[in-house]
Structure formats: structure tokens, C-alpha cells
Amino acid sequence: MKLVYFAWVRERVGHETETVSLPGEVVTVSDLLDWLKARGEGYAAAFAHPEIIRVAIDRKHVAHDMELPPDGEVALFPPMTGG
Amino acid sequence: MKLVYFAWVRERVGHETETVSLPGEVVTVSDLLDWLKARGEGYAAAFAHPEIIRVAIDRKHVAHDMELPPDGEVALFPPMTGG
Amino acid sequence: MKAASPIDVRVQAEDFDISAEIRKLAGERTDIGAVVTFTGRCRDEEGRLAALELEHYPDMAETEIARIAREALRRWNLAGLTVIHRFGRILPGQNIVLVVAASTHRKAALEAADFLMDYLKSRAPFWKKEHLTSGEPGQWVNAKTEDEEALAQWRKE
Amino acid sequence: MKAASPIDVRVQAEDFDISAEIRKLAGERTDIGAVVTFTGRCRDEEGRLAALELEHYPDMAETEIARIAREALRRWNLAGLTVIHRFGRILPGQNIVLVVAASTHRKAALEAADFLMDYLKSRAPFWKKEHLTSGEPGQWVNAKTEDEEALAQWRKE
């Protein structure tokens, strides 16, 4: 699974992208956020409030209860501030 | 009193502007419209429905019950269609 | 940098350039977050219209538009407002009227442009006559009841 | 003359020219009565801001904006729609985003531009970071609750 980070999520995690193998119990987007939060200091800071993190799977916005696909690009970022 | 006409009011009356001396009983804008209507064929056509004619005195929109000033420029025209 | 006079009203036969008007109004000003432009154009109505002839009351047109613009400035917090209304013969695809509204925030600029257009349609002393492609004599455009209703809506607020 | 593809979406570092974009979208078309442009600009917030840095998600940005534009085309009868969103470092007084909406009638163009901006603010994958004139480290701009509320309003309709 490819993960990409943007804005302060990227800054706190410390890198833009990474490829991870997820344990079997990580099924939904919400599970992924909890799993990431436990990966270390930067991750803990980035995902301290997982409910505010926005997620896109293969470049489409998804809700936190969405099931993760077997493969693909999952983007994690703060609420957008475009326009 | 100077009168100026625009659009189809001007076309029906047959000229753009004229100077008139109003009889004493013509006090309001409404009186003026009735007086004009009785001045001949073109005027009758232009002021057949005086209620739809818009009036400006000295370049300011006025209501039909407005009293006419002793002097000045009275413009008479159809509802506007700018913009 | 703030500009002194925020209203620019012009009544002219010539066309206008929208980028140039925005530059004139907003330029390098750093307090403007939103610029809205509205351009009204002549349509051919499925080929029926050859042109529009716009008659106006020269002495009154600029004064009346400026009055409407000042009213918009009272209602919304605007950094500037430009209104240009053309007269004379205008062909399909050509511009008739331009409103540029600049503000710190978007909703003020959008609402002010909408308000300006509603008032221009029914209060600015302009009249449109149609010239037809058929060659038959054209008619003066009738004012629409809905235009008056649009004004009534702003009065309620 | 009617154009084939009514949606033009671009995500770019370069500035845009509004007159040129209107020409591209509406050109000589004789079925367009109203063109609305909305330009969002960088403000300095009373001198506090030296610049905004716009980060974006390149693969997703155009796709997502195009999706929002198609939704606007479903809701309003539009002749065309152009959206340009810049990224990178943008100075106060410079442009950030442009929406051009063309329609037969005015209200459709105004509403579509408003809708587009509400959705761009909360759905297009862009993030603004402030650079301060004080030299202190700048913050990421916080999303506003009112932006989400603006979206909710369109969903009700």
C-alpha cells in the first residue's frame, strides 16, 4: 500500500510518501489512522486527532468507515484550504 | 419647461425634445402625462397608458404624484431595459 | 495600499478590456481577496437578432449608475467598484455592460455585482431596440416583470 | 456557434490573464449573455503576511476540480466553465484562483461561480501555509467551519 502525506501531516510524519505492508486487522481507513498513530513520535503528532484527517484513496475522497482496497494509493492530509 | 423623450416615447411623439408652457392646472407629473396625451395623434400613441411611462425630473427618477418644479428638465420614457 | 475613490462609472460607445479594468481597480492592492466581474453580452437569440441598438439619456446615465454604485458601497464592504455601460449599436457576441466588484471577501463581491445588475436593468436610463436578421423592423425590448421583482427582493433585505 | 467541451480545468504555477480566459471560453459565441469571473487573491492581512505557499496533490487536484465543475454543469445551464488554480509561492496582491462561468442568463453564471468556490475551498486538495513578514515560522491555514457550512447549504438545495 502506498501512502502519501500532505501539508502538516507530511511535515509531522517527516516524509512525503512511503510503502507499507498492513497487518490483517487493519481493514478500514479508521483502522489505518489508528495504526499509523502508533508508529512513533512524528506519526503520533500527525494522527493525534484522527477524526480531522482527510483521506483519499486513488485520488478520491473517502469516509473513515471505508474499507481499504488490497492495493492502491492512500493519501492522508489535513482539511483542505484551497480556493 | 423642457421636455425630453426617449425610446418609443420619442419615436411616437416624433421629436427628442421641446420646450412647453404648461397651463396652471398641470400641477403633478400625472397631470403632465394627461395633458401630453391630449396634444395630438403621436402624443396620444406615446401616452396611451400613462401609468407605464417613467419620468425623471432634472435627471432623477420621480413618482407620478410628484409636483412639477417651476422650471427644469422633465424626461419621459418607457421602462428601462439596460444592463 | 488603499485607493482613495472606490467608484469608477463610465458610459461609453467603446468596448472595454476586463483585465485592464481589474488592474485599474485592484492593481497591486494587498487588501483585496476577491474580485468579481460580471459581463453582459449581446445574444443573437438563435439567429433572430442582427444587433441591439442601445439608446441612453446621456445627462442622467452616469449620475444614476453612480447613485446605484454608492448604494452598493453602503450595503457591502467593498474595496472598489467599476461599472461600464456601453451605448450605440452592439452586435451579437459583443459586450454591453461590465461590473467589477472588489472586496476582502467573496460573498460581498458576488452579492454586490448581482445587486448592481438588478438595479442597472431597471433603473439606469438605457433602452434596447432589436435589429432583426430578417430585415423586418425591430421592436424595443420590453421590460420584464421579473426585473422589477428582482429589485423588490433587495428592498426587503 | 457552440463549443464542444465546456469544461477547462488547469492547475499551474503560472499566473493567468482573465481577458484571455474569457476570450478562450466565450470568444465570438453568440449564445452567451453573461460571463462571471471570480478571482481569489492573496491578501497581506494588514502587513502580517509575506506570502502564501500553496501545496497541492498533483495527481488529484485536476481530477477533483473537474468533478466539481461537472457537478456545476449538471446543476446550472452553463455554456462553459473554466477553473484555474495556482500552486507554489504566491505574494500579496497576486492571483490564486480563477473561475469563469458563462451562461445565457446571469443568475446561473453567478450561482455556479459561488458554488464552485465553496467546493474548491473544502474539496480541492490544496493547502495554504503562511509566510510571515516578522520572519517567525508561519502556520498552515486552518480550515474554517463556515466553509463546511457553506457546502451544507448547497446540499440542501
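Residue numbers begin at 1 in each chain, while the letters A, B, ... track the order of the sequences.
- Of the two parts of D:Ala102, neither the backbone nor the side chain holds a non-hydrogen atom closer than 4.5 Å to a non-hydrogen atom of chain C.
- Around CD of C:Gln139, the count of heavy atoms belonging to other residues, nucleotides or ligands within 6.0 Å does not exceed 12.
- The part of C:Ile22 that comes within reach of chain D is its side chain, from C-beta onward, which places non-hydrogen atoms under 4.5 angstrom from that chain.
- Taking CD of D:Glu21 as the start and CD1 of C:Ile18 as the end, the distance is 12.0 Å to the nearest 0.5 Å.
- D:Asp17 contributes atom CG, which lies 3.5 Å from atom OG of C:Ser19 (distance to the nearest 0.5 angstrom).
- Atom-to-atom distance recorded for D:Thr30:OG1 and C:Gln94:CD is 11.5 Å, nearest 0.5 angstrom.
- Note on D:Leu110, D:Ile32, D:Val36: by heavy-atom pairs under 4.5 Å with chain C, the leading option is D:Ile32.
- Contact residues of residues 112-122 of chain C toward chain D are C:Asp114, C:Met117, C:Asp118, C:Lys121 (heavy-atom distance under 4.5 Å).
- At least one donor-acceptor pair under 3.5 Å links the side chain of D:Arg41 to the backbone N or O of C:Arg29.
- At a 4.5 Å heavy-atom cutoff, C:Ala109 makes no contact with chain D through either its backbone or its side chain.
- Within a 6.0 Å radius of CG in C:Asp15, more than 12 heavy atoms belonging to other residues, nucleotides or ligands are found.
- We find the OG1-CZ distance between D:Thr104 and C:Arg43 to be 6.0 Å, quoted to the nearest 0.5 Å.
- When C:Gly47, C:Ala101, C:Ala34 are compared by the number of non-hydrogen pairs under 4.5 Å with chain D, C:Ala34 comes out ahead.
- Contacts from residues 51-61 of chain C to chain D, taken as heavy-atom pairs separated by less than 4.5 Å, involve no residues at all.
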